[in-house]
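Values below: every heavy atom of this structure, side chains too, minus hydrogens, waters and symmetry copies. Chain letters run A, B, ... following the sequence lines, proteins first and then strands; every chain starts at 1. Here the structure is a predicted model, which means the values were calculated and not measured.
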Amino acid sequence: MERGQIHLDGPFDLRLTLESGQSYLWWREDGATYGSTDADTWYRTTTRATGEPAPVRVRQDGDTLTWESTVDAAAVLRRRLGLEDDLTAIRAATPDDDLVEEAFDDHWGMRIVRDPPFGGLISFICSAQMRVARIHGMQQRLRETFGTPVTFDGETYHAYPTPEQLADASETELRDLSLGYRAPYVRDTAEMVAGGTRPEEVRGQSYEDARETLTRYVGVGQKVADCVLLFSLEYLQAIPLDTWIQQTIEEYYPDCDRGRYAETSSALRERLGGEYAGYAQTYIFYHLRTGGE
DNA sequence: TACCAGGAACGGG
DNA sequence: CCCGTTCATGGT
C-alpha cells in the first residue's frame with residue numbers, strides 16, 4: 001500500500017468539494033447519506049490514471065490531506081480535487097456582487113472537481129430531473145453492477161464502468177437500476193464512446209464549439225454539456241443553466257435573461273467575470289441549494 | 001394524492 | 001427556430 005500526505009497551502013474543503021453536487025463518482029467510507037454535513041470520514045473512488053483501475057481513499061484533517069492507494073495518487077488527487085486552482089486569485093478576479101460574495105464566504109474552500117470525462121458524462125446524463133442523492137445512488141449501482149472490482153485493505157472498490165462495459169449493458173438491465181427513461185441515453189452514449197467518439201476530444205475547441213459537440217451524445221443537451229465541460233474538461237468559464245440558476249437569474253440578474261440558453265448563459269458569464277464564471281456559478285448553486293439567499 | 005426533481009427528445013406550428 | 005408534451009422513478 002502507498003500512503004502520502006498533501007499539505008494544503010490554500011483554502012480547501014474536501015466535503016464541500018465532493019458533496020456539493022459536482023461529482024457523483026466518489027463515496028463516503030462511513031456510508032452516510034451523500035450530502036451529509038459530517039466530514040469525519042474517508043472518501044473513496046478509483047482512478048485509471050496509471051493504467052488498471054486503482055482504489056484511492058482520502059481524508060482531510062485541517063490543512064492536511066492524507067491518501068492511501070495501490071499507486072502514487074498525489075498528482076491524480078491534486079488534479080481531480082482542483083488543488084491546482086488559485087482559489088484566492090479566482091475570487092479576486094470575480095466581479096464584486098453581493099450574492100457571489102455571500103456564497104464564497106459561506107462555503108469557502110469548495111473547489112471545482114475534475115471528474116474522469118466518461119464518468120462525468122454518464123453521471124450528468126443521469127442527472128436529468130433527478131435529486132442529488134438519487135443521482136449518486138444510480139452511479140453507485142452502475143459501479144457495483146458493471147464496474148471492475150478491486151480489493152483494498154480487505155474491502156471491495158468497484159471502478160466506474162468503462163464505455164465498453166456500459167455499452168454491453170442492455171436497456172432493461174439499466175432500467176433495473178432505476179435509471180428510468182435515461183437508460184437508453186446511457187446505453188447509446190456509452191456505445192458512441194466505445195466506438196471511438198470520446199468526450200475529451202473536444203479539448204482544444206472553443207468553449208461554445210465544445211458545448212455544441214458534446215450535445216451530439218444521446219441525452220446530452222446544453223445544460224448537461226456545460227456540466228461535463230465544467231466538472232470534467234476544465235472549461236472553468238462554463239455555466240450550467242439548471243432550474244436553480246434560472247430562478248436565480250430571474251431574481252438577481254434579470255437583465256441577463258435573453259430568452260435562449262446560449263445567449264442567457266453568455267450574458268451571465270460576462271456578469272460573473274468570464275474566465276472563471278463556472279466557479280461563481282458553482283458557489284451560487286450550492287449556496288441556494290443549501291438554503292442561503 | 002399530486003407534485004417535483006441540477007433536462008432532453010420529439011413533434012407540430 | 002420555438003414551444004408544449006412526454007418521458008420513469010421515488011420522495012414528500
Side-chain angles (χ1 to χ4, degrees), chain A residues 16-26 33-36 103 107 110 112-113 115 119-142 145 169-192 199 208 211-233 235 238-252 257-266 268-269 272 277-292:
Chain A
L16 282 174
T17 300
L18 294 181
E19 300 199 45
S20 50
Q22 301 179 51
S23 175
Y24 300 95
L25 306 182
W26 293 73
T33 306
Y34 191 80
S36 160
H107 311 292
M110 180 173 67
I112 298 291
V113 299
D115 275 350
L121 177 63
I122 297 298
S123 59
F124 277 97
I125 286 174
C126 292
S127 76
Q129 289 293 100
M130 205 40 67
R131 295 173 194 269
V132 166
R134 290 193 58 203
I135 303 165
H136 189 247
M138 288 180 191
Q139 307 319 304
Q140 192 145 310
R141 292 191 290 278
L142 285 172
T145 306
S170 71
E171 182 181 329
T172 303
E173 286 178 295
L174 294 173
R175 283 184 183 272
D176 287 345
L177 302 182
S178 298
L179 267 64
Y181 61 82
R182 304 157 197 80
Y185 299 167
V186 166
R187 213 210 66 79
D188 291 348
T189 289
E191 193 165 68
M192 291 171 70
E208 301 211 340
R211 183 173 62 193
E212 188 57 33
T213 301
L214 289 178
T215 61
R216 294 175 190 162
Y217 291 114
V218 185
V220 178
Q222 299 185 94
K223 187 271 174 183
V224 168
D226 269 331
C227 286
V228 177
L229 290 173
L230 179 58
F231 301 130
S232 286
L233 297 174
Y235 283 75
I239 302 185
L241 297 187
D242 60 275
T243 53
W244 289 85
I245 294 299
Q246 299 206 26
Q247 201 172 337
T248 304
I249 291 171
E250 286 181 32
E251 199 171 334
Y252 294 88
D257 185 359
R258 305 297 163 83
R260 288 192 295 271
Y261 187 102
E263 282 71 13
T264 301
S265 173
S266 178
L268 184 60
R269 183 160 41 261
L272 296 178
Y279 251 103
Q281 185 272 3
T282 301
Y283 271 87
I284 292 172
F285 169 79
Y286 187 65
H287 187 52
L288 297 177
R289 246 191 53 76
T290 52

- Message: Pick the closest DNA chain B nucleotide for A:Val220 and for A:Phe231 by heavy atoms, then say which residue is nearer the 5' end.
- Response: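 Between the two, 5'-proximity favours A:Phe231.
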- Query: Which comes earlier along DNA chain B counting from the 5' end, the contact point of A:Leu241 or that of A:Thr215, where each point is its nearest nucleotide?
  - Reply: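 Checking each residue's closest nucleotide, the 5'-ward one belongs to A:Leu241.
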- Take atom C1' in C:dT6 and the same atom in B:dC3, then report the distance between them in whole Å.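 Looking at atom C1' only, C:dT6 and B:dC3 are 16 Å apart.
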- Please state the P separation for the pair C:dG10 and B:dA9 - nearest whole angstrom.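 Approximately 23 Å lies between the P atom of C:dG10 and that of B:dA9.
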- Item | Pair A:Val186-A:Cys126, side-chain contact (heavy atoms from CB on, under 4.5 Å): steps then yes or no | CA-CA 8 Å; A:Val186 166; A:Cys126 292; 3.8 Å; yes
Can you check the [X] [atom1] to [N] [atom2] distance for me, whole Å?
{"X": "A:Arg289", "N": "B:dA5", "atom1": "CZ", "atom2": "C1'", "answer": "10 Å"}
{"X": "A:Trp244", "N": "B:dG7", "atom1": "CH2", "atom2": "C1'", "answer": "16 Å"}
{"X": "A:Glu19", "N": "B:dG6", "atom1": "CD", "atom2": "C1'", "answer": "16 Å"}
{"X": "A:Phe285", "N": "B:dG7", "atom1": "CZ", "atom2": "C1'", "answer": "13 Å"}
{"X": "A:Gln246", "N": "B:dG7", "atom1": "CD", "atom2": "C1'", "answer": "10 Å"}
{"X": "A:Arg216", "N": "B:dA9", "atom1": "CZ", "atom2": "P", "answer": "14 Å"}
{"X": "A:Ile245", "N": "B:dA5", "atom1": "CD1", "atom2": "C1'", "answer": "16 Å"}
{"X": "A:Leu268", "N": "B:dG6", "atom1": "CG", "atom2": "C1'", "answer": "15 Å"}

- Message: Strictly below 4.0 Å: does A:Thr243 bring a side-chain N or O up to OP1 or OP2 of B:dG7?
- Response: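 A:Thr243 to B:dG7 OP1/OP2: side-chain N or O found under 4.0 Å.
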- Query: Do other residues, nucleotides or ligands put more than 12 heavy atoms under 6.0 Å from the CD atom of A:Gln247?
  - Reply: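 Atom CD in A:Gln247 is not crowded, with 12 or fewer foreign heavy atoms closer than 6.0 Å.
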- Message: A side-chain contact here means heavy atoms from C-beta on lying under 4.5 Å apart; do A:His136 and A:Glu19 qualify?
- Response: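 Side chain of A:His136 against side chain of A:Glu19, heavy atoms only: no contact under 4.5 Å found.
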Taking only nitrogen or oxygen atoms into account, show me every contact under 3.5 Å that the protein makes with nucleotides 6-12 of chain C, one pair per line with its distance.
from   : atom 1 : to       : atom 2 : distance (Å)
C:dA8  : OP1    : A:Arg175 : NH1    : 3.4
C:dA8  : OP1    : A:Arg175 : NH2    : 3.3
C:dA8  : O4'    : A:Tyr181 : N      : 3.3
C:dT9  : O2     : A:Arg134 : NH1    : 2.8
C:dG10 : OP1    : A:Ser178 : OG     : 3.3
C:dG10 : O4'    : A:Arg134 : NH1    : 3.3

- Query: Quick one: salt bridge (charged side-chain N to carboxylate O under 4.0 Å, His left out) partners of A:Glu263, sequence neighbours excluded?
  - Reply: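 Applying salt bridge (charged side-chain N to carboxylate O under 4.0 Å, His left out) to A:Glu263 gives A:Arg260.
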Would you indicate what [X] reaches in the nucleic acid, counting non-hydrogen atoms under 4.0 angstrom: base, sugar-phosphate, or nothing?
{"X": "A:Gln281", "answer": "base"}
{"X": "A:Tyr24", "answer": "base"}
{"X": "A:Gly21", "answer": "base"}

Using residues 212-220 of chain A as the side-chain source, report each donor-acceptor pair under 3.5 Å to any protein atom, sequence neighbours left out, with the distance given to one decimal.
from     : atom 1 : to       : atom 2 : distance (Å)
A:Thr213 : OG1    : A:Gln205 : OE1    : 2.8
A:Thr213 : OG1    : A:Asp209 : O      : 2.9
A:Thr215 : OG1    : A:Glu212 : O      : 2.6
A:Tyr217 : OH     : A:Thr197 : O      : 2.6

- Message: Taking A:Phe124's backbone N and O only, do any of them form a donor-acceptor pair with A:Ser127's side chain (distance below 3.5 Å, no angle check)?
- Response: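 Checked: pair present.
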- Parallel, tilted or perpendicular: ring planes of A:Tyr286 versus A:His107, cut at 30 and 60 degrees: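 A:Tyr286 vs A:His107 ring planes: perpendicular.
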